[in-house]
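This report refers to the structure that appears directly beneath it.
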Amino acid sequence: DAKTTQPPSMDCAEGRAANLPCNHSTISGNEYVYWYRQIHSQGPQYIIHGLKNNETNEMASLIITEDRKSSTLILPHATLRDTAVYYCIASSGSARQLTFGSGTQLTVLP
Amino acid sequence: DAGVTQSPTHLIKTRGQQVTLRCSPKSGHDTVSWYQQALGQGPQFIFQYYEEEERQRGNFPDRFSGHQFPNYSSELNVNALLLGDSALYLCASILLATGANYGYTFGSGTRLTVV
């Protein structure tokens, strides 16, 4: 699976959009970009994934650049409950193992 | 709808002992993966079970073994415990046929402390 790079930490004001970047410059054509988050003392939670088109669900939006070398997870209206470590993972899907990096610690400030 | 259930939630063991952790996957899921998460780090893949067989394995020694039962539940066994085995052990499940279209569902984990 391709290596991903994320900033170690970010802050966001409550009610504002949180934009979390991820670089995956070596991603291959059959690899999806998955996002998970882990709230303290809980297991990771699946957020969203995409291959090359932008995706949106009830939790977030995923914007993937045309060359697929980077992506951005957008939480449109961050709340205090969105404070968590966010992981960006490149995987070929089909229930392949997930390779977690260090992730981005997002802190939503009141 | 119950998600992934893991037991016990916390466990303290002594070096050299053996431990068994248990996982019940989300209803409708047939594949179970186990991860180890040391403090301050991301989860690391241990192995995955499907159709009662180990299908994928990460870089973990043979002291780590597992089992999947006909009802899809799974166990993780660790022999000859080391202090370094202290970690949060996470179980994740998925329906294999939809693997590319959905994410894994994770349990809340078992916190293992080796003293």
Side-chain angles (χ1 to χ4, degrees), chain A residues 1 3-9 20 22 24 27-53 55-60 62 71 73 84-106, chain B residues 3-7 9-10 21 23-26 29-51 53-60 68 72 87-111:
Chain A
D1 296 339
K3 179 179 169 58
T4 61
T5 304
Q6 301 176 252
S9 64
L20 292 92
C22 179
H24 31 77
I27 195 168
S28 60
N30 68 338
E31 287 185 308
Y32 293 77
V33 178
Y34 288 85
W35 284 83
Y36 285 77
R37 73 179 182 183
Q38 187 171 24
I39 297 170
H40 184 62
S41 298
Q42 297 182 21
Q45 176 191 24
Y46 165 79
I47 302 172
I48 197 168
H49 76 282
L51 185 61
K52 49 186 172 182
N53 297 321
E55 302 287 345
T56 295
N57 63 20
E58 65 279 4
M59 290 183 67
L62 174 60
S71 61
L73 178 74
V85 177
Y86 287 76
Y87 296 100
C88 168
I89 299 167
S91 173
S92 59
S94 300
R96 291 281 298 170
Q97 66 187 71
L98 300 175
T99 301
F100 289 83
S102 299
T104 295
Q105 170 66 59
L106 173 69
Chain B
V4 175
T5 304
Q6 292 188 242
S7 62
T9 55
H10 296 83
L21 310 182
C23 171
S24 293
K26 181 178 178 178
H29 288 182
D30 59 5
T31 302
V32 172
S33 297
W34 287 91
Y35 289 79
Q36 179 195 67
Q37 186 173 25
L39 207 57
Q41 299 182 19
Q44 286 198 328
F45 175 75
I46 303 174
F47 43 55
Q48 180 183 80
Y49 277 84
Y50 171 68
E51 292 187 328
E53 290 189 10
E54 183 182 292
R55 301 290 179 164
Q56 302 177 50
R57 189 178 182 93
N59 188 26
F60 279 81
Q68 185 180 35
Y72 308 118
L88 180 67
Y89 288 84
L90 295 160
C91 174
S93 71
I94 201 166
L95 178 62
L96 186 63
T98 64
N101 299 320
Y102 296 94
Y104 283 88
T105 300
F106 280 80
S108 296
T110 294
R111 172 71 63 187

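Residue numbers begin at 1 in each chain, while the letters A, B, ... track the order of the sequences.
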Measure across A:Leu98 and B:Tyr35 and return the closest heavy-atom pair with its distance rounded to 0.1 Å. N-OH, 3.0 Å
Which pair of non-hydrogen atoms, one from A:Gly43 and one from B:Leu90, has the smallest distance, and what is that distance? CA-CD2, 3.8 Å
At a heavy-atom distance under 4.5 Å, which candidate from B:Arg55, B:Gln44, B:Gln37 has the highest pair count against chain A? B:Gln37
Tell me which of these, B:Gly42, B:Gly109, B:Pro43, has more heavy-atom pairs under 4.5 Å with chain A than the rest. B:Pro43
Report, as yes or no, whether the 6.0 Å neighbourhood of atom CG on B:Asn59 holds more than 12 heavy atoms from other residues, nucleotides or ligands. no
Mark yes when over 12 heavy atoms from residues, nucleotides or ligands other than B:Phe47 sit less than 6.0 Å from its CZ; otherwise mark no. yes
Without swapping roles, check the side chain of A:Gln97 against the backbone of B:Gln56 for a donor-acceptor pair under 3.5 Å. no
Taking only residues two or more places apart in sequence, or in another chain, which ones meet A:Tyr87 in a ring pair (Phe, Tyr, Trp, His ring centres under 6.0 Å)? A:Phe100
Would you check if A:Tyr34 and B:Tyr104 make a side-chain contact, meaning some heavy-atom pair closer than 4.5 Å? no
B:Ile94 versus A:Tyr46: any side-chain heavy-atom pair under 4.5 Å? no
My understanding is that only residues two or more places apart in sequence, or in another chain, count here; which of them pass side-chain contact (heavy atoms from CB on, under 4.5 Å) with B:Ser24? B:Thr5, B:Ser73
Side chain from CB out, backbone as N, CA, C, O: work out which of these in A:Ser41 comes under 4.5 Å of a heavy atom of chain B, or both, or neither. backbone
